[in-house]
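First the structure, in the form of C-alpha cells, and then the observations on it.
Hydrogens, waters and symmetry mates are skipped; everything else that's a heavy atom, side chains included, is used.
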Amino acid sequence: MFDRIVPPGLPLTARTATLLSGAAEIAGGLGLLHPATRPAARLGLLALLAAVFPANVYMAQQAERFEPLPAWSLWARLPLQPLLMWAVWRAARRRVQMHGKAPPGP
C-alpha cells in the first residue's frame with residue numbers, strides 16, 4: 001500500500017522511496033533510544049515527516065484510488081502532521097538527569 005501513495009514525478013521508483021522512508025523511520029526510532037543520538041534522530045524524523053507530507057496530500061487528492069478508506073479520513077489526517085512533528089520535537093529533547101534535576105534549556 002505504501003508504494004501506491006508515492007506521488008508520481010519523484011526521481012525514485014515508488015518501491016525505493018518506500019524502502020528508504022521505512023529505513024529512515026526505523027533508524028530515527030532507534031536513534032531516539034540513546035541520549036547521544038537523540039538530536040540527530042529528532043532532525044531526521046522531522047525531515048522524514050516533512051518529506052512524506054506530499055504523499056499524504058496526494059493520497060487525499062486521489063482518495064478514490066485508496067478505497068475503502070473514506071476520503072474524509074485522508075483529509076482529516078493532514079492537520080495531524082504538524083502535531084506529529086511537535087510530538088517528535090518534544091519527545092526527542094535531550095534530557096540528562098543531574099542529581100535528580102534536569103539541566104536548564106530546551
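A distance of 8.5 Å separates OG1 in Thr37 from CG in Leu30, rounded to the nearest 0.5 Å. Taking CG from Leu69 and CD from Glu64, the interatomic distance works out to 12.5 Å, rounded to the nearest 0.5 Å. Within the model, atoms CG of Leu74 and CD of Glu67 stand 10.0 Å from one another, a figure rounded to the nearest 0.5 Å.
Residues satisfying the side chain to side chain donor-acceptor pair (under 3.5 Å) criterion with Thr16, sequence neighbours excluded, are Thr13. For Arg15, the side chain to side chain donor-acceptor pair (under 3.5 Å) test picks out Asp3, with sequence neighbours left out. In this structure Pro82 satisfies the side-chain contact (heavy atoms from CB on, under 4.5 Å) test with no other residue, sequence neighbours excluded.
Residues Arg42 and Ala92 approach most closely at CB-CB, 3.5 Å, considering heavy atoms.
Other members of the cluster containing Leu12 are Leu20, with ILVMFWY side chains joined at under 4.5 Å, either directly or via other members. Through direct or relayed side-chain contacts under 4.5 Å between Ile, Leu, Val, Met, Phe, Trp and Tyr, Leu10 connects to Val6.
By the criterion of side-chain heavy atoms lying less than 4.5 angstrom apart, applied directly or through intervening Ile, Leu, Val, Met, Phe, Trp or Tyr residues, Leu32 is grouped together with Leu84 in one hydrophobic cluster. Hydrophobic clustering (side-chain heavy atoms under 4.5 Å, transitive across Ile, Leu, Val, Met, Phe, Trp, Tyr) groups Met85 together with Trp89.
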Name each donor-acceptor pair under 3.5 Å that joins a side chain in residues 44-63 to protein atoms two or more places apart or in another chain, with its distance.
| from | atom 1 | to | atom 2 | distance (Å) |
| --- | --- | --- | --- | --- |
| Asn56 | OD1 | Arg77 | NH2 | 2.7 |
| Asn56 | ND2 | Gln81 | OE1 | 3.2 |
| Tyr58 | OH | Arg65 | NH1 | 2.4 |

